[in-house]
Peer 1: 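Pasting in a structure now, in structure tokens, and then I'll have a few things to ask.
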Amino acid sequence: MTTHEIRQHFFDFFESKGHKIVPSAPMVVKNDPTLMFTNAGMNQFKDYFLGNNVPKVRRIANSQKCLRVSGKHNDLEEVGVDTYHHTMFEMLGNWSFGDYFKKDAIAWAWELLTEVYKIPKDQLYVTVFEGDDADGVPKDEESIEIWKKFIAEDRIILASKKDNFWEMGETGPCGPCTEIHVDIRPEADRKAISGIELVNNDHPQVVEIWNNVFMQFNRKADGSLEPLPETHVDTGMGLERLAMALQGKTSNYDTDLFQTLIVEMERVSGVKYGVKEETDIALRVIADHVRTIAFSIADGQLPSNTGAGYVIRRILRRAVRYGYQTLNLKEPFLSGLSVVLGKEMGDPYQELLNQKDIIEKVIYEEELSFFRTLEHGIKRMDALMINTKADNKTILNGAAVFELYDTFGFPVDLTSLIARENNLTIDEEAFEIELDKQKTRSRAATAVEAGDWITLIPDAQEEFVGYDNLVARVKIVRYRKVSQKQKTFYQLVFNQTPFYPEGGGQVGDTGFIEHNGEKTIIFDTKKENNLIIHLTEKLPEFPGSDFDAHVNVSKRALTTANHSATHLLHHALRTVLGTHVEQKGSLVNEKNLRFDFSHFSKVTAEELKEIEDIVNREIKAGIALQEHRNVAIEAAEQMGAMALFGEKYGDSVRVIQFGPSLELCGGTHVNNTSQIGLFKLTAESAVAAGIRRIEAITSTTAENLLTEKAEKLDAINSLFKNPKDLKAVVEDMIQKNHAYQKQIEVFQREKGQLVKADLKAKVELINGINYLGEKVNLDAGNIKDILHQLKGEFNNFVAVLGGIEDDKCNLTLIISENIVAEKGLDAGKIIRTLSTHIQGGGGGQAFFATAGGKNANGLDKAIAEFKELVVS
RNA sequence: GGGGAAUUAGCUCAUUUGGUAGAGCGCUUCGCUGGCAGUGAAGAGGUGAACGGUUCGAUCCCGUUAUUCUCCA
């Protein structure tokens, strides 16, 4: 049974049990501050469990692409080392939201595994929660009783809170779970040692395949539990592991999905899989990681240096590192592999095919960039090793190794490998200490402490009224205190709100709420799990009152104009550049708009002009907004509205239309394009391989900029007496200026040569020393040059020159190296004494020194003293 | 979000208690060769990212900003 068939059977089975099959949510999470990636099938349904939203359908099943890089069983550094951990995996799941519970969930799980997938019953074991006194949760007798109908009692294993009690986070919904484990060892082994002994013992062939979570409690901030009003079922079954069991393999990497990738890597590297442990690990790492990277990019998450993008970059670099170090691949190889992946998985996951060019190109550029980092690091590494050997040491300094890693991104295990090849080791302990310090610093900077929600009005659903109103009468439904970095603020939820929460690239509204003359400033509005949250630094005195909510009108108006302009821009880009242009990100605030999109070359000046013209034509045309709220997603697609990759849409969406521009969008928009006033492009640049960025301004901001520019130009024009061709005049002036400067330099040099000839005549031979001491009318730079030249022309040369510039003066000393050595003179020291005569200070090297001061009258004295000192 | 680093000639990079800004490649001119490849010589090319501070003096020390790299969360 191929993996694709296994996935399809799962869908068919649960559809027959009345479930709706929904698509996978994007792997990259957009509006949940606690999560960067989807790490379980239930993520997209979180607000159903939290009660923020009510599901339309109570039974759902799907296959969810998930990404895990940390957690109790998953550390990035372990993936690939064994044969059953992954960064990205597909999670098959079925859900009940307040519908069926333990009885049906367990019965169906058993039916699917034993009758559809035909796993022998004597290879299955189940675990059930044993209860926890501290939490006051009893043993899950209910599940045990249900299991007894299907499986021998001795195969039902009690397990502790650690393995069989599931929690969403520190607080929130939680409950006991029951896990199904499969024993895929050969028959002889199974007879020798019972699988019961090996369940939950990290045996690679006695593994958990399906976890059924029964959510029945809510965990509060003080740690106590309360029953949920409705119970839910949340299950998850790893597709890769299931495929291993069903295909009779002992490793996930031996299943069809991964073998395609591994075979390709064997071809590229010339290394066979299954020959050597070390190279096998490398091949597994690469096969695993390329999936994660390609899917992330398809979901709109490009590698970058912060947040989720950084996780992707790290995974990519880990894969490249294994290829580089172990498979001896010194050129990009992952981008090619991503093409093979696209062919293999493009059928169930269309996004891979639709975006194959950009995926390949982005990966390729990232690989090149990492190779540059490696090259740079190797240079530094060489220097470090030379220094270490010079100090007669064999251990590389831990702090230095850390710097190499932290500042220059050079992987530690590569450092370690190169060190070994040079008979050196690294101080791992010191390295770890440095790494820990860095981690502590970062954590302290981002620690967030959230209090319990204080509910004022139970069961209220929040409604957004901000499309039509900028003012509204609101009540606070609940609030909580949040602390971060010694700053405390409050999060408020209203019954209805005119405040637009940050989303779709548009910034959140600001404003205030007012009761009885008391104004409470709302400094930002955000969305968390579909809940609109208003941020304020202080709570109103009477939170239970009615409030008048006022959105900051001018900020909203400017932002709105920018957002509508973004839509026009998007459409214009597709018209001028082609329909390969896809939105890759956008930022819309009251100052400007920024739009990132896929396009493979620089947008030319002509194209930019054309784009700007189209947008401005549409603004002048005064196109009325056609807003369609609560459109079914299918209907919206039929209208031809543009949806974004990696964006999760609900069942019903909002469609924004300005003439030919048609987009799914939740943002705020002008009623008529004429309200945008004016559109002006301000920048075009590259953000990543194949991704360009355009920035623009609109409305009064654009008008002000144009006015300002015109004023500047007028001013310059009048400075040049209003010439016909200002540009030519300025160019000419710049060129002349350059030429004049060159000429001045020539003159100065000539003058210097004259002075030099003069000075040469004044050199006297005293006691075998060629002495010169004079005041000159030259700048310090020229004096320096002349003295160095004279030193080259005279043997045993010793000179001091005093120069006067404006209200300052300077002294310059030079002494031939042999005199320095013979007489033990030090120009630097001498000049410090001399400089007292001119009320200044100075210093330098033994043969050359300079000083500056305020009192030019002291120059003669200083010269005299110097003569005394060196000649006598 | 927090930390570390980088920014020097067209390109790749040197330059250690702050005291004369350099190399390689590329470019220009000239020479050798019938021409090319090659090679020899000379030369041009620098507000040392921007701004401010400390200092007699800053590419170097300090601060701010910008851009880029990098690690951590």
Side-chain angles (χ1 to χ4, degrees), chain A residues 33-36 69-70 76 303-311 313-314 317 366 369-370 372-377 379-380 383 387 399-412 431-432 434-448 484-487 683 685-688 737-738 741-742 745 752 779-792 802-815 826-856 858-859 862:
Chain A
T34 62
L35 208 57
M36 287 195 285
V69 280
S70 58
L76 179 57
S304 75
N305 58 357
T306 54
Y310 179 58
V311 174
R313 173 168 287 170
R314 245 170 61 200
R317 291 189 168 191
E366 271 293 311
S369 143
F370 186 49
R372 277 195 295 269
T373 302
L374 286 180
E375 207 179 314
H376 195 217
K379 264 191 202 167
R380 294 210 152 245
N387 285 338
V401 172
F402 181 75
E403 188 198 27
L404 205 55
Y405 164 75
D406 179 62
T407 302
F408 300 99
F410 200 66
V412 198
F431 177 87
E432 289 298 331
E434 292 294 326
L435 186 61
D436 264 354
K437 273 196 229 162
Q438 143 112 310
K439 285 185 178 177
T440 316
R441 252 199 319 267
S442 288
R443 263 193 222 108
T446 47
V448 181
Q484 185 175 15
K485 275 201 293 179
Q486 289 136 354
K487 266 193 198 159
S685 59
V687 272
N737 193 38
H738 197 245
Q741 269 180 353
K742 287 277 152 202
E745 272 174 41
D779 64 285
N782 237 327
I783 291 177
K784 181 177 69 188
D785 283 342
I786 290 171
L787 282 181
H788 277 94
Q789 285 166 22
L790 289 174
K791 179 166 76 83
I804 305 170
E805 277 181 294
D806 302 327
D807 55 338
K808 285 183 178 175
C809 62
N810 61 66
L811 273 175
T812 309
L813 285 192
I814 200 155
I815 305 172
D826 184 336
K829 280 182 187 156
I830 296 169
I831 205 150
R832 249 166 267 155
T833 6
L834 298 185
S835 61
T836 54
H837 296 295
I838 55 168
Q839 290 171 20
Q845 296 133 291
F847 74 99
F848 178 79
T850 56
K854 284 172 278 193
N855 181 17
L859 284 175

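Per chain, numbering begins at 1; letters A, B, ... match sequence-line order. These figures come from a predicted structure and were not determined experimentally. Side chains included, hydrogens not; waters and symmetry mates left out as well; all remaining heavy atoms used.
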Peer 1: Nearest-Å distance, NE2 (A/His788) to C1' (B/A21)?
Peer 2: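 Interatomic distance, NE2 of A/His788 to C1' of B/A21: 13 Å.
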Peer 1: Could you say whether A/Gly840 or A/His376 is positioned toward the 5' end of RNA chain B, judged by the nucleotide with the nearest heavy atom to each?
Peer 2: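 That would be A/His376.
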Peer 1: Judged by atom type as modelled, is there a donor-acceptor pair below 3.5 Å linking the side chain of A/Thr836 to the main-chain atoms of A/Thr833?
Peer 2: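 Flag set: sc A/Thr836 to bb A/Thr833 pair under 3.5 Å.
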Peer 1: Taking B/G10 as the reference, what is the distance to B/U70 when you measure between their C1' atoms (whole Å, please)?
Peer 2: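 Result for the C1' pair: 28 Å, nearest Å.
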Peer 1: I'd like to check the ring-ring contact (aromatic ring centres under 6.0 Å, His included) partners of A/Phe410; sequence neighbours left out, ordered by chain and number.
Peer 2: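 Once residues adjacent in sequence are excluded, A/Phe410 has no partner under the ring-ring contact (aromatic ring centres under 6.0 Å, His included) criterion.
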Peer 1: B/A5 C1' sits how many Å from A/Glu403 CD, rounded?
Peer 2: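 After rounding, the reported distance stands at 8 Å.
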Peer 1: Got a sec, which residues hit ring-ring contact (aromatic ring centres under 6.0 Å, His included) with A/Phe402, two or more places apart in sequence or on another chain?
Peer 2: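 Partners of A/Phe402 by the ring-ring contact (aromatic ring centres under 6.0 Å, His included) criterion, ordered by chain and then number, come out as A/Phe431.
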Peer 1: Please enumerate all residues that pass side chain to side chain contact (heavy atoms under 4.5 Å, CB included) together with A/Gln789, with sequence neighbours excluded.
Peer 2: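 With sequence neighbours excluded, A/Gln789 shows a side chain to side chain contact (heavy atoms under 4.5 Å, CB included) to A/Gln753, A/Lys756, A/Asp785, A/Glu793, given in chain and number order.
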Peer 1: Within the structure shown, what part of the strands sits under 4.0 Å from A/Ala851 by heavy-atom distance: base, sugar-phosphate, or nothing?
Peer 2: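 Contact class for A/Ala851: base.
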Peer 1: Using the C1' atom as the point on both nucleotides, what is the distance between B/A14 and B/A23, in whole Å?
Peer 2: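 Taking atom C1' in both B/A23 and B/A14, they lie 7 Å apart.
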Peer 1: From CD of A/Glu434 over to P of B/A5, roughly how many Å is that when rounded to an integer?
Peer 2: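 Roughly 12 Å, once rounded to whole Å.
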Peer 1: Taking the P atom of each, how far is B/C61 from B/G18, in whole Å?
Peer 2: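 Pairwise P distance, B/C61 against B/G18, rounds to 8 Å.
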Peer 1: With P as the reference atom in both, quote the distance from B/A44 to B/G24 in angstrom, rounded to an integer.
Peer 2: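 That atom pair is separated by 15 Å.
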Peer 1: Output one letter per nucleotide in nucleotides 63-73 of chain B: B when a protein non-hydrogen atom lies under 4.0 Å from the base, S when only the sugar-phosphate is that close, - when neither is.
Peer 2: -------BBBB
Peer 1: Between B/C25 and B/U64, how many Å separate the two P atoms, rounded to a whole number?
Peer 2: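 My reading of the P atoms in B/C25 and B/U64 gives 41 Å.
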Peer 1: Which part of the nucleic acid, if any, lies within contact of A/Ser835, taking any heavy atom under 4.0 Å across all strands shown: a base, the sugar-phosphate backbone alone, or nothing?
Peer 2: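 No contact.
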Peer 1: What pairs with A/Lys379 under salt bridge (charged side-chain N to carboxylate O under 4.0 Å, His left out), at least two apart in sequence or on another chain?
Peer 2: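 Once residues adjacent in sequence are excluded, A/Lys379 has no partner under the salt bridge (charged side-chain N to carboxylate O under 4.0 Å, His left out) criterion.
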Peer 1: Can you name the residues that form a salt bridge (charged side-chain N to carboxylate O under 4.0 Å, His left out) with A/Arg317, not counting sequence neighbours?
Peer 2: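 None.
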Peer 1: Both atom distances under 3.5 Å, Watson-Crick or G-U wobble: I'd like the secondary structure of RNA chain B as a dot-bracket string, with | for pairs made across strands.
Peer 2: (((((((..((((.....[..)))).((((((.....)))))).....(((((..]....)))))))))))).
Peer 1: Please give the distance between the C1' atoms of B/C51 and B/U67 as a whole number of Å.
Peer 2: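 It comes out at 15 Å once rounded to the nearest Å.
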Peer 1: Which heavy atom of A/Thr812 sits nearest to which heavy atom of A/Leu787, and what is that distance?
Peer 2: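 Answer, listing the atom of A/Thr812 first, then A/Leu787: CG2-CD1, 3.6 Å.
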Peer 1: To the nearest 0.5 Å, how far apart are CG in A/Leu813 and CG in A/Leu834?
Peer 2: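 Reported to 0.5 Å precision, the distance equals 6.0 Å.
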Peer 1: Give the rounded distance in Å between these two atoms: CD1 of A/Ile783 and P of B/C56.
Peer 2: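 Whole-Å distance recorded here is 18 Å.
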Peer 1: Between atom CZ in A/Arg372 and atom C1' in B/U12, what is the gap in whole Å?
Peer 2: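 Atom CZ in A/Arg372 sits about 13 Å away from atom C1' in B/U12.
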Peer 1: Tell me, please, which residues at least two apart from A/Phe847 pass ring-ring contact (aromatic ring centres under 6.0 Å, His included).
Peer 2: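 With neighbours one apart ignored, the set is empty.
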Peer 1: Does A/Glu403 have any salt bridge (charged side-chain N to carboxylate O under 4.0 Å, His left out) partners at least two apart in sequence or in another chain, and if so, which?
Peer 2: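 By the salt bridge (charged side-chain N to carboxylate O under 4.0 Å, His left out) rule, A/Glu403 matches no residue at all.
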Peer 1: When rounded to the nearest Å, what value does the distance between C1' atoms of B/A9 and B/C27 take?
Peer 2: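 So the two C1' atoms sit 11 Å from each other.
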Peer 1: Using the P atom on both, measure B/C36 against B/G48 and round to a whole Å.
Peer 2: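 The answer is 40 Å between these two P atoms.
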Peer 1: Please state how far atom CZ in A/Arg832 lies from atom C1' in B/G57, giving the value in whole angstrom units.
Peer 2: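 From A/Arg832 CZ to B/G57 C1': 13 Å.
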Peer 1: Taking atom C1' of B/C56 as reference, at what distance in whole Å does atom CG of A/Asn810 sit?
Peer 2: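 Between C1' of B/C56 and CG of A/Asn810: 9 Å.
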Peer 1: Measure from the side chain of A/Lys379, starting at C-beta and using heavy atoms only, and say which of B/C13, B/G3, B/C56 lies closest.
Peer 2: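 Selected nucleotide: B/C13.
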